[in-house]
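These notes are about the structure you will find just below.
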Amino acid sequence: MTSSAPFHPSDGDPVPPSLRGFARVHADLVELHEDPAHLVARHRAPGRRVGLVSGGGSGHEPMHAGFLGRGMLDAVAPGKVFASPHNRQILEASRKAAGPGGVIHVVKNYTGDRINFGIAAERLRMEGIEVRRVLVDDDLATESADTATGRRGTGATVVVEKLLGAAADDGLGIDELAELGAAFAAASRSLAVASRAQTSMHTGRPAFELADGELEYGVGIHGERAARSIPRPSTEDLVDRMLDEVIAGLPEGPDEVVAVVNGLGGTTQLELYGLHDLVAGGLERRGFALSGALVGTFAPALDMAGFSITLTRMRPEWKSWWAAPAVTPAFPRPATEETV
């Protein structure tokens with residue numbers, strides 16, 4: 001088998017130059033601090049009293065740095081590839097992001113992230129900064145008594161960050177934002193599949209092998225293998241199966257959802273928009289209305305060939321937050337009268 005080594009620097013650590021390149025391109029929106037590594041948004045709504053901080057392993061770009069800016073996050077802490085950021089990174093990011101009302105940590109449900117955000121939160125409280133945590137745990141593939149941490153945090157993180165950012169811009173206080181963030185996360189479920197593993201940075205080969213005609217059903221955004229491989233069905237049957245599982249996992253509520261079709265890094269826009277067509281049609285047949293949609297690569301696992309479907313059951317009072325503008329490097333900017 002031939003290898004396909006990534007185009008990383010000779011010292012083997014792709015994160016520092018990637019952060020510098022990102023900050024150069026988006027210098028009007030973000031500011032990079034390299035020791036310890038964290039990025040800060042240059043602009044925030046004047047009414048925002050509580051800062052929003054997120055972070056996690058690199059290799060999932062544009063999450064999270066791509067969502068820095070007015071309407072979304074105030075600061076992020078990027079870890080090494082597929083590794084939690086150090087608590088010092090989170091601490092410095094939070095110090096810069098905190099508003100007069102404190103800071104909210106948006107944390108994906110992974111052990112390392114929970115530990116390091118928790119340590120940073122304790123240090124912030126010792127400094128007199130109010131902190132709350134919003135835990136995102138949307139991945140149905142790990143909803144099992146056999147999984148120690150429970151559902152992983154995956155694609156719904158982007159939805160939570162968008163809704164919470166708009167609510168923070170409205171000037172809400174820290175307790176209300178923490179309650180809302182928990183509600184956004186609880187209303188979200190995701191499922192991901194892959195036909196090829198991500199490329200190992202060390203070998204240049206797929207991190208795991210799949211037999212011909214097989215599909216990994218329930219992969220994680222860190223490139224984790226699924227609990228099961230299945231014979232690959234038709235794309236139409238696959239989307240129907242995934243929709244049935246994601247809808248069954250949603251809590252009760254209005255039959256209106258935000259749908260995210262997210263590429264895992266090696267899936268083309270041609271494929272993703274076709275998948276969205278199947279998702280939207282499947283939702284319509286099941287009696288659901290779409291109050292919003294995202295299609296693209298927002299939370300990949302390096303270059304894994306696959307996709308995830310995220311559904312968030314929307315309450316009427318949340319819809320204006322989804323529609324509110326966000327000026328960030330990666331979140332799609334809605335059209336306005338000035339841009340059409």
Please check: side-chain N/O of H38 versus main-chain N/O of P36, any donor-acceptor pairing under 3.5 Å?
yes

Does one hydrophobic cluster hold both L140 and V261, with members joined at side-chain heavy-atom distances below 4.5 Å?
yes

Taking the six-membered ring for Trp and the full ring for Phe, Tyr or His, determine whether the centres of H60 and F298 are under 6.0 Å apart.
no

Under the ring pair (Phe, Tyr, Trp, His ring centres under 6.0 Å) rule, collect the residues that match up with F184, sequence neighbours excluded.
W318

Pairwise side-chain contact, H33 with E31, heavy-atom cut-off 4.5 Å (strictly under)
yes

Quick one: closest heavy-atom pair of M72 and A326, and the distance?
CG-CB, 3.9 Å

Looking at E271 and T268, would you say the former's side chain and the latter's main chain have a donor-acceptor pair under 3.5 Å?
yes

Given side chains that start at C-beta, do those of L238 and L215 come closer than 4.5 Å, heavy atoms only?
yes

Sidechain N-carboxylate O distance under 4.0 Å for R42, D28
no

Would you check, one step at a time, whether the test salt bridge (Lys or Arg N to Asp or Glu O under 4.0 Å) holds for R48 with D74?
CA-CA 10 Å; R48 182 177 287 205; D74 295 300; 2.8 Å; yes

Is a side-chain N or O of N116 found less than 3.5 angstrom from the main chain of G112, in a donor-acceptor match?
yes

Before you tell me yes or no, could you show the steps for E34 and R20 under salt bridge (Lys or Arg N to Asp or Glu O under 4.0 Å), namely the whole-Å CA-CA distance, both residues' side-chain angles and the distance that decides it to 0.1 Å?
CA-CA 9 Å; E34 295 192 65; R20 291 193 297 269; 3.5 Å; yes

Can you measure from OG (S190) to CE (M242) and round to the nearest 0.5 angstrom?
9.0 Å

Please check: side-chain N/O of R189 versus main-chain N/O of A186, any donor-acceptor pairing under 3.5 Å?
yes

Enumerate the side-chain hydrogen bond (donor to acceptor under 3.5 Å, both in side chains) contacts for residues 276-288, please, sequence neighbours excluded, ordered by first and then second residue.
D240-R285, D240-R286, D244-R286

Determine yes or no for a side-chain-to-main-chain donor-acceptor pair under 3.5 angstrom, with E122 supplying the side chain and I119 the backbone.
no

In this structure, would V219 and V239 fall into the same cluster of hydrophobic residues linked by side-chain contacts under 4.5 Å?
no

Do V134 and L163 sit in one hydrophobic cluster, given that two such residues count as connected whenever their side-chain heavy atoms are within less than 4.5 Å of each other, even indirectly?
yes

Among the clusters formed by ILVMFWY side chains lying less than 4.5 Å apart, do I221 and F307 turn up in the same one?
no

Passes salt bridge (Lys or Arg N to Asp or Glu O under 4.0 Å), R151 versus D138? Steps please.
CA-CA 6 Å; R151 292 190 304 266; D138 54 304; over 6 Å; no

Short N-O contact, R313 and E256, less than 4.0 angstrom:
no

Is L243 close to L311 at the side-chain level, that is, under 4.5 Å between some pair of heavy atoms?
yes

Within this structure, what is the CD-CZ distance for the pair E214 and R228, rounded to the nearest 0.5 Å?
13.0 Å

Of the non-hydrogen atoms in A93 and V53, which two are nearest, and what is the gap between them?
O-CG2, 4.1 Å

List the atom of P78, the atom of A37, and the distance in Å for their closest heavy-atom pair.
CD-O, 3.6 Å

Indicate, with yes or no, if L283 and V193 share a hydrophobic cluster defined by side-chain heavy-atom contacts under 4.5 Å among Ile, Leu, Val, Met, Phe, Trp and Tyr.
yes

Take atom CZ in R225; do more than 12 heavy atoms of anything else shown fall under 6.0 Å from it?
yes

Can you tell me if S308 uses its side chain to pair, donor with acceptor, with the backbone of G155 under 3.5 Å?
no

Please say whether more than 12 non-hydrogen atoms of neighbouring residues, nucleotides or ligands are located less than 6.0 Å from CD in Q269.
yes

Is the closest side-chain heavy-atom distance between P46 and R70 below 4.5 Å?
yes

Before you tell me yes or no, could you show the steps for W321 and D170 under side-chain hydrogen bond (donor to acceptor under 3.5 Å, both in side chains), namely the whole-Å CA-CA distance, both residues' side-chain angles and the distance that decides it to 0.1 Å?
CA-CA 9 Å; W321 289 326; D170 281 349; 2.8 Å; yes

Please step through side-chain hydrogen bond (donor to acceptor under 3.5 Å, both in side chains) for the pair D139 and T154, ending with a clear verdict.
CA-CA 6 Å; D139 186 12; T154 60; 4.9 Å; no

For A97 and L52 the tightest heavy-atom approach is CB-O, 4.5 Å

Working note: S94 + H105, criterion side-chain hydrogen bond (donor to acceptor under 3.5 Å, both in side chains); need CA distance, chi angles, decisive distance, verdict.
CA-CA 8 Å; S94 300; H105 288 165; 2.8 Å; yes

Please confirm whether R241 makes a cation-pi placement over Y217, using NZ or CZ under 6.0 Å from the six-membered ring centre and within 45° of the ring normal.
yes

When you measure from the side chain of K108 to the backbone of G55, do you find a donor-acceptor pair of N or O atoms at a distance under 3.5 Å?
yes

Should the pair R152-D137 be classified as a salt bridge under the 4.0 Å nitrogen-to-oxygen rule?
no

Could you tell me whether E130 and R125 have a side-chain N and a carboxylate O separated by less than 4.0 Å?
no

Heavy-atom closest contact (A41 atom, L68 atom, distance)
N-CD2, 3.9 Å

